[in-house]
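Notes for the one structure printed next.
None of the values given here were measured: they were computed from a predicted structure. Numbers restart at 1 for each chain; the letters A, B, ... are given by sequence-line order, proteins then strands.
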Protein chains: 2
Amino acid sequence: MRIGEAAAAVGMTTKAIRFYEDRGLLPPAERSANGYRDYAHDTVSRLEFIRRSQLAGLSLAQIQGILRVRDNGITPCTHVQDVLGKQLMDLDRQIAELTALRATVAEHYATAEAADPECCDAEQICSYV
Amino acid sequence: MRIGEAAAAVGMTTKAIRFYEDRGLLPPAERSANGYRDYAHDTVSRLEFIRRSQLAGLSLAQIQGILRVRDNGITPCTHVQDVLGKQLMDLDRQIAELTALRATVAEHYATAEAADPECCDAEQICSYV
DNA sequence: ATTGACCTTCCACCAAGGGGGAAGGTCAAG
DNA sequence: CTTGACCTTCCCCCTTGGTGGAAGGTCAAT
């Protein structure tokens, strides 16, 4: 199948598919006699795996790591578990950071609600932040 | 004061200060006879305001908006409250998104822990994602 | 007079994940 | 035989918040 069909099959753009090939997430495509990329059906599975992984918030680099393991003939289960574990820790860290930031901003907001606008000192631009 | 002194006073790089000027967060600097930027003391306050605002997670565009209001001679209190309110909503949205993503990833992770590695189907690369 | 520490401008680069569009080749249908 | 829909490679563009370096000017101290 040609790149446009593969793209339509998984709901990606042809640009994205070429980009993934360029980044090493897809092996260099087979070519038809006219030079067009010619994909086997398993490429669709691979693209769908990339999509599922992205939905799990994995970066292309992480996805590439998993695919490389699979391409070496090893079942990537252990590696995937590692990556998912790291991803969980990373998400927890991000959520904690955002939650802390939210508390700070909420505090500023409460100050701004309670304060007297006339007390604004031009020197420090704004005392609520 | 010269740019290096201003930078040292607030713990920024000279690069960052020129960048802020370029982005319109600072007015075009006064120049000494030799062409060097020559800052008045209130620039330091302005830079500190920028820093405080960044610590509250505001983007340079948002900070610029606040400074523009202040530069128009208006006390930016109301505008700042608006921006902080938007920031709170934005943070809540981001936290909700990350929390939902975390739940998804945790589910994948639990599946991976419970599943039999031998059931791995090469066709779909990895059934845990 | 020359070194060193400043300063100036401008241009390039980084993360991530692609999108836009040019210039050109290929192929089937009307 | 020409039109339209594909495909190819190529390079530039976007976001945000800067950083790095080159090429050159300025100034105080040695």
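Across the interface with DNA chain C, nearest-nucleotide mapping of A:Asn34 and A:Thr13 shows A:Thr13 to be the residue nearer the 5′ end. Nearest-nucleotide positions on DNA chain D for A:Gly4 and B:Gln54 put A:Gly4 closer to the 5' end.
An OP1 or OP2 oxygen of C:dG17 is reached within less than 4.0 angstrom by no side-chain nitrogen or oxygen of A:Arg18. Phosphate proximity of C:dG17 to A:Gln64: absent, as no side-chain N or O sits under 4.0 Å from OP1 or OP2.
Between the side chain of A:Arg31 and the backbone N or O of A:Tyr36, no donor-acceptor pair lies under 3.5 Å.
Considering only side-chain atoms of B:Lys15, the nucleotide from C:dC10, C:dG19, C:dG17 that sits closest is C:dC10.
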Assess whether salt bridge (charged side-chain N to carboxylate O under 4.0 Å, His left out) is satisfied between A:Asp22 and A:Lys15, documenting all intermediate values. CA-CA 10 Å; A:Asp22 192 54; A:Lys15 286 277 192 189; over 6 Å; no

Stepwise salt bridge (charged side-chain N to carboxylate O under 4.0 Å, His left out) test for A:Arg93 and A:Glu97: CA-CA 6 Å; A:Arg93 189 185 45 73; A:Glu97 278 174 14; 3.0 Å; yes

Using the salt bridge (charged side-chain N to carboxylate O under 4.0 Å, His left out) rule, take B:Asp38 and B:Arg2 through it: C-alpha gap first, then chi angles, then the decisive distance, then the call. CA-CA 5 Å; B:Asp38 186 20; B:Arg2 291 186 306 187; over 6 Å; no

Walk me through whether A:Asp71 and A:Arg68 qualify under salt bridge (charged side-chain N to carboxylate O under 4.0 Å, His left out). CA-CA 5 Å; A:Asp71 291 343; A:Arg68 205 155 38 203; over 6 Å; no

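The outermost nucleotides of DNA chain D lying under 4.0 Å from heavy atoms of chain A, listed 5' to 3', are D:dC6 to D:dC10.
The hydrophobic cluster containing B:Phe49 does not contain B:Val69, counting ILVMFWY residues as joined when their side-chain heavy atoms lie under 4.5 angstrom apart, directly or transitively.
The CE-P distance, from A:Met12 to C:dG18, rounds to 8 Å in whole Å. Separating the CZ atom of A:Arg51 from the P atom of C:dG17 is a distance of 15 Å, rounded to the nearest angstrom. Atom CD in A:Gln62 sits roughly 9 Å away from atom P in C:dG17 (whole-Å rounding). One can place CZ of B:Phe19 at 15 Å from C1' of C:dC11, the figure rounded to the nearest angstrom.
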